[in-house]
Q: 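Just dropping this structure here.
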2 protein chains.
Amino acid sequence: MRRTDRLFELIQILRDGRLHKGADMAERLGVSLRTIYRDMDTLIASGLPVEGERGLGYMMTAPITLPPLNLSLTELEALHLGLAVVSKAADDELKAAAQTLSQKVDAVLPEDRAAPASGWGFAVYPFAEAARGFVHMAPLRAAIRSRRKVEIAYAALDGEETKRTIRPLQMEYWGRVWTLTSWCELRQDFRVFRVDRIKTLDVTFDNFEEEPGKTLADYLDRADAE
Amino acid sequence: MRRTDRLFELIQILRDGRLHKGADMAERLGVSLRTIYRDMDTLIASGLPVEGERGLGYMMTAPITLPPLNLSLTELEALHLGLAVVSKAADDELKAAAQTLSQKVDAVLPEDRAAPASGWGFAVYPFAEAARGFVHMAPLRAAIRSRRKVEIAYAALDGEETKRTIRPLQMEYWGRVWTLTSWCELRQDFRVFRVDRIKTLDVTFDNFEEEPGKTLADYLDRADAE
DNA sequence: CCCCAACTGACATAAACCTGTCAGTTGCGT
DNA sequence: ACGCAACTGACAGGTTTATGTCAGTTGGGG
């Protein structure tokens, strides 16, 4: 096996984010342990986020690696604008992530492509209403990802407050507010909630599967038909 | 010179986006033309956006290359959300760029990190008011980048229409509308315009330099003081 | 104190890679 | 039809890199 192929195999092995011993990888790839040590040196030097620890083994520390991407100038502008929006118009976790990603991108751009001193020509100012819902966004994003039911207390326009269990499907950003499209178990129908009007929110340990008639696709189909 | 060093030099030569002949690069780097052909094969195979044309030479087609980036899951979400916003809430050029960049990112993610069938859990819907200004955004972005004065016909809130020459400094996205911060030569002061209320817009060939008292930093300083 | 596995330098040997030369082709524009 | 420069395969020779072995160190946890 050529060395470059073996390096690629090592990345695939490590990608699972688990702990791996050098000796095991050596056996698997049919080379000596010393060679694996040399290979790991090379991968780490090239920036792969892996850590080795004596007595333990190797583990990848950041699970997602984007390979080299070729961008046009407009794509770079779109990237910066998009990250600027998220830096302002989402919850603290997403804000921080957008900021660190923007910094990472700026750090690797060639000097002639880096941000001009005056910035990229964009600024973003979120609506106060949108900002009020931020407190719920991180748990909602996690619930959407892992498909867990959520219990909310919701204050409708008329002030009436209801408690209900929902299946969160998607959040929408309208510029002024964030909304949440869900399947509502109380009403046995789809409902769209203003995120800023959710009073309390608890993510349950109750998972939900895709049920015909209750998925985001069903909701969108119905919306298209109307 | 080692081969890897030469490959790096080739990238630097090509980065200017101009046409380059193999023979010239061979002479410059002190190797045979055949070796340059082998090198170009290697760079193209690795994804460098270069095209060769018989009778002409080589040229780089996309000037910006991001090296491998390691992202957390939240950074990936922020990236997708940001690009989703730009895919909806900006001019056609930026929209297209955001879409192609999003596709590029999705194409290179490992399967377990790619977009779930139901999407990333976000949707974005722009205000119609914001959309009305889109027609002016591409020329404005270009004018901001290259610091060229712009002639606009502007319809203020009371309906009065004025023609004026401005120095575009920055655009702001408020969710509902886009605005443009400029130095107005008619009023000899900073002015903020609603992009959707600009009736006509012409980018001139008149460049402007940074003048003390008339820069974006001056405007922001004044805004902070108020 | 012992165990675990990462981590390192030095050396000899083997393997892989790179280069220049040569002769040839291809596609486009004039 | 010609000129231009990319593009290709084959070959010989030279250079560089990689590998395994060996003996040693380091740091953390139990």
Side-chain angles (χ1 to χ4, degrees), chain A residues 1-65 67-68 70-72, chain B residues 1-65 67-68 70 72 110:
Chain A
M1 181 186 276
R2 290 162 64 204
R3 189 178 199 230
T4 53
D5 296 331
R6 192 173 63 243
L7 293 178
F8 182 80
E9 283 301 314
L10 280 169
I11 295 171
Q12 302 321 304
I13 290 171
L14 289 156
R15 219 175 211 170
D16 65 9
R18 291 176 181 160
L19 194 73
H20 293 276
K21 298 178 189 172
D24 292 337
M25 298 190 284
E27 184 174 4
R28 184 164 166 177
L29 297 171
V31 290
S32 76
L33 182 54
R34 186 69 185 87
T35 294
I36 292 297
Y37 287 137
R38 293 187 182 109
D39 287 346
M40 295 310 300
D41 273 352
T42 300
L43 291 175
I44 290 165
S46 77
L48 197 77
V50 165
E51 277 175 15
E53 195 156 331
R54 298 179 170 101
L56 287 177
Y58 291 103
M59 189 187 308
M60 192 170 270
T61 51
I64 301 161
T65 304
N70 304 306
L71 310 185
S72 66
Chain B
M1 177 186 280
R2 291 164 63 206
R3 188 179 199 230
T4 53
D5 296 329
R6 193 173 63 242
L7 294 177
F8 182 80
E9 282 302 315
L10 280 168
I11 296 171
Q12 303 319 304
I13 291 173
L14 289 156
R15 222 178 209 164
D16 65 11
R18 292 177 179 157
L19 194 72
H20 293 274
K21 296 178 191 172
D24 292 336
M25 297 191 283
E27 184 175 4
R28 183 164 166 177
L29 298 172
V31 290
S32 76
L33 181 54
R34 187 67 186 88
T35 293
I36 293 296
Y37 288 137
R38 292 187 184 108
D39 287 349
M40 295 310 298
D41 274 353
T42 300
L43 291 175
I44 290 165
S46 77
L48 198 77
V50 165
E51 276 175 16
E53 197 158 327
R54 297 178 171 102
L56 287 177
Y58 290 103
M59 189 186 306
M60 191 170 271
T61 52
I64 301 162
T65 304
N70 303 307
S72 66

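Nothing here was measured: the structure is a model prediction, and the numbers come from that model. So that the names make sense, note that chain A is the first sequence line, chain B the second, and so on, each numbered from 1. Computation of the quantities below employed the complete heavy-atom set of this structure, encompassing side-chain atoms and omitting hydrogens, waters and symmetry-equivalent molecules.
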Q: Tell me every residue that passes side chain to side chain contact (heavy atoms under 4.5 Å, CB included) with A:Arg28, counting only those two or more places apart in sequence or in another chain.
A: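 By the side chain to side chain contact (heavy atoms under 4.5 Å, CB included) rule, A:Arg28 matches A:Ile13.
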Q: DNA chain C: A:Gly55 or B:Leu56, which has the more 5' nearest nucleotide?
A: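 Upstream on the strand: A:Gly55.
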Q: Tell me the interatomic distance from B:Glu27, atom CD, to D:dA5, atom P, rounded to whole angstroms.
A: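 Spelled out: CD on B:Glu27 to P on D:dA5 is 13 Å.
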Q: To the nearest 10 degrees, what angle separates the axes at the start and end of the helix from C:dC1-D:dG30 to C:dT30-D:dA1, five pairs each?
A: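 Rounded to the nearest 10 degrees, the bend comes out at 60°.
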Q: Over all heavy atoms of both residues, which pair between B:Gly22 and B:Leu33 is shortest? Give the atoms and the distance, please.
A: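 Answer, listing the atom of B:Gly22 first, then B:Leu33: C-CD1, 3.4 Å.
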Q: Search all heavy atoms of B:Met60 against all heavy atoms of B:Ile11 and return the closest pair with its distance.
A: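 Reported closest heavy-atom pair: CE-O, 4.4 Å.
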Q: What are the two closest non-hydrogen atoms of B:Leu10 and B:Met25, and how far apart are they?
A: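 Taking B:Leu10 first and B:Met25 second, the nearest heavy atoms are CD2-SD, 3.6 Å.
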Q: Could you tell me the separation between the CE atom of A:Met59 and the P atom of C:dA6, rounded to a whole number of Å?
A: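 It works out to 12 Å between those atoms.
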Q: Closest nucleotide of DNA chain D for B:Tyr58 versus for A:Arg54: which of these residues is on the 5' side?
A: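 Result: B:Tyr58.
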Q: Over how many whole Å does the gap from B:Ile44 atom CD1 to D:dA6 atom C1' extend?
A: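 Computing the B:Ile44:CD1 to D:dA6:C1' distance gives 10 Å.
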Q: Is there a side-chain contact between A:Leu7 and A:Thr42, using heavy atoms and a 4.5 Å cut-off?
A: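 They are in side-chain contact.
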Q: Evaluate the side-chain proximity of A:Val50 to A:Leu43: yes if any heavy-atom separation is below 4.5 Å, no if none is.
A: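 No, every pair of side-chain atoms sits at 4.5 Å or beyond.
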Q: How many Å lie between CD1 on A:Ile36 and P on D:dT21, as a whole number?
A: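 A:Ile36 atom CD1 is separated from D:dT21 atom P by 14 Å.
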Q: Closest approach of B:His20 and B:Arg18, non-hydrogen atoms and distance?
A: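 Reported closest heavy-atom pair: CD2-O, 3.1 Å.
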Q: Separation of A:Asp41 atom CG from D:dT19 atom P, in whole Å?
A: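 Taking CG of A:Asp41 and P of D:dT19, I get 13 Å after rounding.
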Q: Got a list of protein N/O to nucleotides 19-22 of chain C N/O distances below 3.5 Å?
A:
unit_1 : atom_1 : unit_2  : atom_2 : d
C:dT19 : OP1    : B:Arg6  : NH1    : 2.5
C:dT19 : OP1    : B:Arg6  : NH2    : 2.6
C:dT19 : OP2    : B:Arg6  : NH2    : 2.8
C:dG20 : OP2    : B:Ser32 : N      : 2.9
C:dG20 : OP2    : B:Ser32 : OG     : 3.0
C:dG20 : OP2    : B:Thr35 : OG1    : 2.6
C:dG20 : N7     : B:Arg38 : NH1    : 3.4
C:dG20 : O6     : B:Arg38 : NH2    : 2.5

Q: Return the value, rounded to whole Å, for the distance between atom CG of A:Leu43 and atom P of C:dC7.
A: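 Distance check: A:Leu43 CG to C:dC7 P gives 13 Å.
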Q: Is B:Met40 close to B:Ile36 at the side-chain level, that is, under 4.5 Å between some pair of heavy atoms?
A: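 Sidechains of B:Met40 and B:Ile36: in contact.
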Q: Apply side-chain hydrogen bond (donor to acceptor under 3.5 Å, both in side chains) to the pair B:Thr35 and B:Arg6, showing each step before the final yes or no.
A: CA-CA 10 Å; B:Thr35 293; B:Arg6 193 173 63 242; 5.3 Å; no
Q: Provide, to the nearest angstrom, the distance between the OH atom belonging to A:Tyr37 and the C1' atom belonging to D:dG20.
A: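 Computing the A:Tyr37:OH to D:dG20:C1' distance gives 14 Å.
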